[in-house]
Peer 1: 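Quick one: this structure, given as C-alpha cells, is what I'll be asking you about.
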Number of protein chains: 4
Amino acid sequence: MTIGRTGGRQRSSSARQAVLCATAELLDEQGYGKITIEGVAARSGVAKSTIYRWWKSKPALVMEAQAEAVAQRMPEPDTGSVEADLIAFAAALYRVVEFPLRVEALRGMMAEAQLDSDFAGHFREWVQSRRKVMSDILSRGVARGELAADLDLDHATDLIFGPFWYRLLVAHAPLDPADAPAHITRLLAGLRRPSVG
Amino acid sequence: MTIGRTGGRQRSSSARQAVLCATAELLDEQGYGKITIEGVAARSGVAKSTIYRWWKSKPALVMEAQAEAVAQRMPEPDTGSVEADLIAFAAALYRVVEFPLRVEALRGMMAEAQLDSDFAGHFREWVQSRRKVMSDILSRGVARGELAADLDLDHATDLIFGPFWYRLLVAHAPLDPADAPAHITRLLAGLRRPSVG
Amino acid sequence: MTIGRTGGRQRSSSARQAVLCATAELLDEQGYGKITIEGVAARSGVAKSTIYRWWKSKPALVMEAQAEAVAQRMPEPDTGSVEADLIAFAAALYRVVEFPLRVEALRGMMAEAQLDSDFAGHFREWVQSRRKVMSDILSRGVARGELAADLDLDHATDLIFGPFWYRLLVAHAPLDPADAPAHITRLLAGLRRPSVG
Amino acid sequence: MTIGRTGGRQRSSSARQAVLCATAELLDEQGYGKITIEGVAARSGVAKSTIYRWWKSKPALVMEAQAEAVAQRMPEPDTGSVEADLIAFAAALYRVVEFPLRVEALRGMMAEAQLDSDFAGHFREWVQSRRKVMSDILSRGVARGELAADLDLDHATDLIFGPFWYRLLVAHAPLDPADAPAHITRLLAGLRRPSVG
DNA sequence: ACATAACCGAGACGGTACGTCAGGTCTTGAC
DNA sequence: GTCAAGACCTGACGTACCGTCTCGGTTATGT
C-alpha cells in the first residue's frame, strides 16, 4: 500500500549517479577545495538546476558522494573483549590516512561544517553515527564489568575521535595505524582507574 | 650607503587598527563565514588595496585580529606538580567556550586551514606554539620522575587538544571547564601505567 | 461513422477555459510583462505541457484570451456620411484608453510582435482585420463621391491607426476620445484636397 | 573648475567602445531579439560585471549603441517654408528603412519600452528629442503665418511619427521615402483648413 | 627646500561562481 | 489519447566578491 504522488516523471537515477560519480572524480583530481557546482555539472553532463534540485550545497553533495563511495562501512567488532574491539576499531579508523583523497574530503566536510550551519547539522548526524559504533563497544564492556559503571561514555569516545580528527586537521604529526594498540592501552588504563591519584 | 628604502610615507597605524577593529566587529556581528575583504574595507574606511597590501588573505587578517584581541596569553603554570599544572592549563583552555565569538573565530580558522594550504602553515605554527606550553609541563613532569621517561609527548598532548578541538568543531556535547580536573586525572592514569593490562 | 481519430480522451474544455481565465486574471493583476507560462499553469491548475500542447507561446495565449474577453467587436458604422462614420469609428477606437488593462495587453502584444516573428504573423492578421473596418468606410465614401477616387487607402487608414498606436505606445500625451471629431475633420480636409499647394 | 571625485581609476574608454561596438555588431548579425549581455561580454572581451556597472539593461545598452552609431543627427531643415522643411524632415525620417538593422533596433527598443517601465522613461526622452525637431519646424511656420496660431502641435507631430512608427512596427505595407512629399502635402492641407466642413 | 618614494583613498577592471528563473521537452501513471 | 505532475536540459539572468590595476593626492624622509 503506497502513499503519495501518482503522476510525474521519475527521478533519473542515471543523472544522480553521473553527478555523484563526477563529484568523486573531481574530488580525486583537484581536491575538495576546488570543487564547484558548475564544474560538477559540466563534468557530469547534468544541468546545474538539476543538481540544485537535489542537493542543497556543495558539502551536501560531497557528503553523499563520500557515503556512496565508502559503502563498505566501518567494522563493528565484537570479540568479547573491550580492548580487542577497540584496537580493531581504532586501527580501522586510522587507516583512512592510507587514502589521501578521503582524508581531503573529510577535512573539507569538517571545514564546511564550521562555515555553514545548515550543513553542520547533517554533518553532525553523520559524525554521531560513527561515534555510536564506538560507544556500543564501550557499553558492552561496561555490561561485562570490564569498565566502571559510571564511565563517561562521551569523553571516552572523544579520546579516540578527538586525537584522530585533531591529527587529520592539524597535521602536526603523522597518524599511524600501528600506534592504535598503544593508544587504546593507554586509554583503557585511564578509564579503568579514574580516581587513582 | 644605505640598503633598502630611503624615503617614503610610513605605514599608517590608524589604518591598521581600523582594519583589525572592523574585522573584530564583523566577526562579532556576522560570524567568520560572512566576513569579506570588501566588507572589512567598507566598515573600516580603509581601501581594499591597502588591506591587500598588508594581509594576504581573509584568514590571515582574522588570525591577526584574533591575536590582537586575545593579547593576554595562555597561562604557563609551574607549580611543581604535573597534575596541578595540567589542571590549570586545561581549565584555562576550556574557558574559551565562555567567549562564543572567540570560539567562532577558532572554528573559522581551523576551517580555512583545511581549505587554504597557504594559510594552513601559519595556522599550524600558531597551534604548535599552544602545544608547546603543554608539552613543557609534561617535560618537567618527566624530569621530576612523575612521568615515565619514554612518554609519547605528542600523543599525550593530543589527548588534551584533540578532544578540546573535537568538541569545539563537532559540538556534539558541551565543553565544560568544570570537567578539566576529571579529564586530567584520567589522562594521567593512562600515562603513568601505559603497560598495565 | 466518424472520420479521423477513433479513440482517446477528448480535449478538456474546462482546462481550456481555466487557462484563458487564469491568463486574463494575471493580465489584470500583474500586467502583460509579468505573465509567465508557469504562472498561468500554477494559477489555472493546468499542466504546463497541456498549455504548450494548445498554444505555441505566451503572446498567442494572451491574444486568444484577449479575443475571448473582448467578444463585443468594434462597431462598423454605416450612416451614409464618411465623416459621421469615421467619427464614430475613431471615438470607439479611442475609448480603449478607458480600459487600462486592455491597453496594457495591446502594448504587450505589439511588443511581442516585434520580438517574435512567429507571433508577428498572427498579430498582423488581427491588425489587418481591424484596419478593414476603416478602409470599408473610406471605400464607401469614395463610391459615394465624397472622397477622391485615387485616394491612398493605406495611408489614410494609417493616419488614424498610426497616431492611435503611437500615443498608446509612447504615451507622450493622453489619448482623448473627445478629440476624435477634430482629428477626423483635419484628416478629411487633407484627403479631400490632396493637391492644394 | 571641476567638481566631484578625486580618486579612483578612470573609466576605460576602450572598454566602453568595445562594448558599444560589439553590441552594434551583434545587432547587425543576429538582430535585437538575440542580443544578450553575456554575448556582448564575450564578443567585446569586457567583463559582464563591467557592462552591468555602466548599463542597466540590454535596451539601455542598445539605445546608447544606436545613438553612438547614428552620430550624424537628423537634419534640422530651415528653408523658410514649412512645406519644404517638413518634406526634407520626413524624407530623412523615412530613409531609415534603407538600414534594416537600424529598423530592427528601433523596433526592439519600442518593444522593450512596453515591457520595462524603467527603460520606458529613457526611451520616451529620446523620442521627445526627435519630436522636438519637427515641432520646431511647425512653430516657425506658425510664426511666419503659414499655419494657424491655434495649431495642435502634438497632434500634428503625431501625424508624421504615428504612421511612421506604425508602418515600422506593423509592417503591413512598405514605408517609402518617395511618398514623403505626398504625405506632407496631405498633412498641410488638413492643418491649414482645420474647420472646413 | 625639495625630490624621492612609499603610502593611502577610491574605485574601475577582468574574472569566477553563485543561486535563480523560465523556457521548452520528455516520461509516467491515471483517467 | 489527453491530462496532471513533475523531472530534465538549456541558457541567460543579475549579484557578490575576488584580487589586480590605475589614478590623484598625501606624508615622511635624506640630501
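When reading the values below, keep in mind they use all heavy atoms of this one structure, side chains included, and skip hydrogens, waters and symmetry mates. In what follows, every chain begins at residue 1, and chains take the letters A, B, ... in the order their sequences are listed.
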Peer 1: Can you tell me the distance, in whole Å, between the CD atom of A:Q10 and the P atom of E:dA30?
Peer 2: 11 Å
Peer 1: Given atom CD1 of B:I35 and atom C1' of F:dC17, what is their separation to the nearest angstrom?
Peer 2: 14 Å
Peer 1: Take the protein atom NZ of A:K56 and the nucleotide atom P of E:dC18, then report the distance between them rounded to whole Å.
Peer 2: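 Rounded to whole Å, this separation is 15 Å.
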Peer 1: Can you list everything that forms a ring-ring contact (aromatic ring centres under 6.0 Å, His included) with A:W54? Sequence neighbours excluded, please.
Peer 2: none
Peer 1: Without decimals, in angstroms, what is the distance between A:R11 CZ and E:dG29 C1'?
Peer 2: 20 Å
Peer 1: Sequence neighbours left out, what passes salt bridge (charged side-chain N to carboxylate O under 4.0 Å, His left out) with A:K48? Give chain and number order.
Peer 2: A:E38
Peer 1: Start with the C-alpha distance between B:T36 and B:V40, add both sets of side-chain angles, then the distance that settles side chain to side chain contact (heavy atoms under 4.5 Å, CB included), and finish with yes or no.
Peer 2: CA-CA 6 Å; B:T36 64; B:V40 171; over 6 Å; no
Peer 1: Using side chain to side chain contact (heavy atoms under 4.5 Å, CB included) as the criterion, list what pairs up with C:K56, not counting sequence neighbours.
Peer 2: C:D118
Peer 1: Restricting to side chain to side chain contact (heavy atoms under 4.5 Å, CB included), what partner residues turn up for B:R43, sequence neighbours left out?
Peer 2: B:A22, B:E25, B:L26, B:E29
Peer 1: Can you work out whether D:I37 or A:A15 has the more 5'-proximal nearest nucleotide on DNA chain F?
Peer 2: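 On the 5' side of the pair lies A:A15.
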Peer 1: If you round to the nearest 0.5 Å, how far is CG of A:L106 from CD of B:Q114?
Peer 2: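 Nearest 0.5 Å value for the CD-CG distance: 10.5 Å.
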Peer 1: Any chance you could measure B:I37, atom CD1, to B:Y52, atom OH, to the nearest 0.5 Å?
Peer 2: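 The OH atom of B:Y52 is 4.5 Å from CD1 of B:I37, to the nearest 0.5 Å.
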Peer 1: Checking A:A18 now: which residues fulfil side chain to side chain contact (heavy atoms under 4.5 Å, CB included) with it, not counting sequence neighbours?
Peer 2: A:S44, A:V46
Peer 1: Under 4.0 Å, heavy atom to any atom of DNA chain F: which of residues 106-113 of chain C qualify?
Peer 2: none
Peer 1: Quick one: the side chain of D:R9 and the base of F:dC21, do they pair up donor-acceptor inside 3.5 Å?
Peer 2: yes
Peer 1: List the residues meeting salt bridge (charged side-chain N to carboxylate O under 4.0 Å, His left out) with D:E64, not counting sequence neighbours, and say none if there are none.
Peer 2: D:R16
Peer 1: Under 4.0 Å between a side-chain N/O of A:T50 and OP1 or OP2 of F:dA7, yes or no?
Peer 2: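 Result: no.
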Peer 1: Apply the test side chain to side chain contact (heavy atoms under 4.5 Å, CB included) to residues B:I35 and B:Q30: give CA-CA distance (whole Å), side-chain angles for both, the deciding distance (0.1 Å), then the verdict.
Peer 2: CA-CA 7 Å; B:I35 292 270; B:Q30 311 176 197; over 6 Å; no
Peer 1: Return the 5'-most residue of the pair C:Y52, B:R53 with respect to DNA chain E, ranking by each residue's nearest nucleotide.
Peer 2: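 That would be B:R53.
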Peer 1: Can you tell me the distance, in whole Å, between the CD1 atom of A:I51 and the P atom of F:dT10?
Peer 2: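 Nearest whole value for this atom pair: 12 Å.
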Peer 1: Do any side-chain nitrogens or oxygens of A:W54 fall under 4.0 Å of OP1 or OP2 in F:dA7?
Peer 2: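 Result: no.
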Peer 1: Can you check whether any acceptor in the base of F:dT10 is under 3.5 Å from a donor in the side chain of A:S49, or vice versa?
Peer 2: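 When only heavy-atom distances are counted, A:S49 does reach the base of F:dT10 through a donor-acceptor pair under 3.5 Å.
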Peer 1: May I ask you to list the residues of residues 38-47 of chain C, by number, that have any heavy atom positioned under 4.0 Å from an atom of DNA chain F?
Peer 2: C:G45, C:V46, C:A47
Peer 1: May I have the distance from A:Q30 (atom CD) to E:dT16 (atom C1'), rounded to whole angstrom?
Peer 2: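 Atom CD in A:Q30 sits about 14 Å away from atom C1' in E:dT16.
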Peer 1: Ignoring hydrogens and angles, answer whether the base of F:dG19 and the side-chain atoms of B:K48 contain a donor-acceptor pair closer than 3.5 Å.
Peer 2: yes
Peer 1: Without decimals, in angstroms, what is the distance between C:W55 CH2 and F:dT2 C1'?
Peer 2: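 So the CH2-C1' distance, C:W55 to F:dT2, works out to 14 Å.
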Peer 1: Which parts of residues 16-23 of chain A get close to DNA chain E, meaning a heavy atom less than 4.0 angstrom away?
Peer 2: none
Peer 1: Take the protein atom NZ of C:K58 and the nucleotide atom P of E:dG24, then report the distance between them rounded to whole Å.
Peer 2: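 Nearest whole value for this atom pair: 10 Å.
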Peer 1: Quick one: closest heavy-atom pair of B:L169 and A:M110, and the distance?
Peer 2: CB-SD, 3.8 Å
Peer 1: Applying side chain to side chain contact (heavy atoms under 4.5 Å, CB included), name anything that partners D:S12, two or more places apart in sequence or on another chain.
Peer 2: D:S14, D:A15
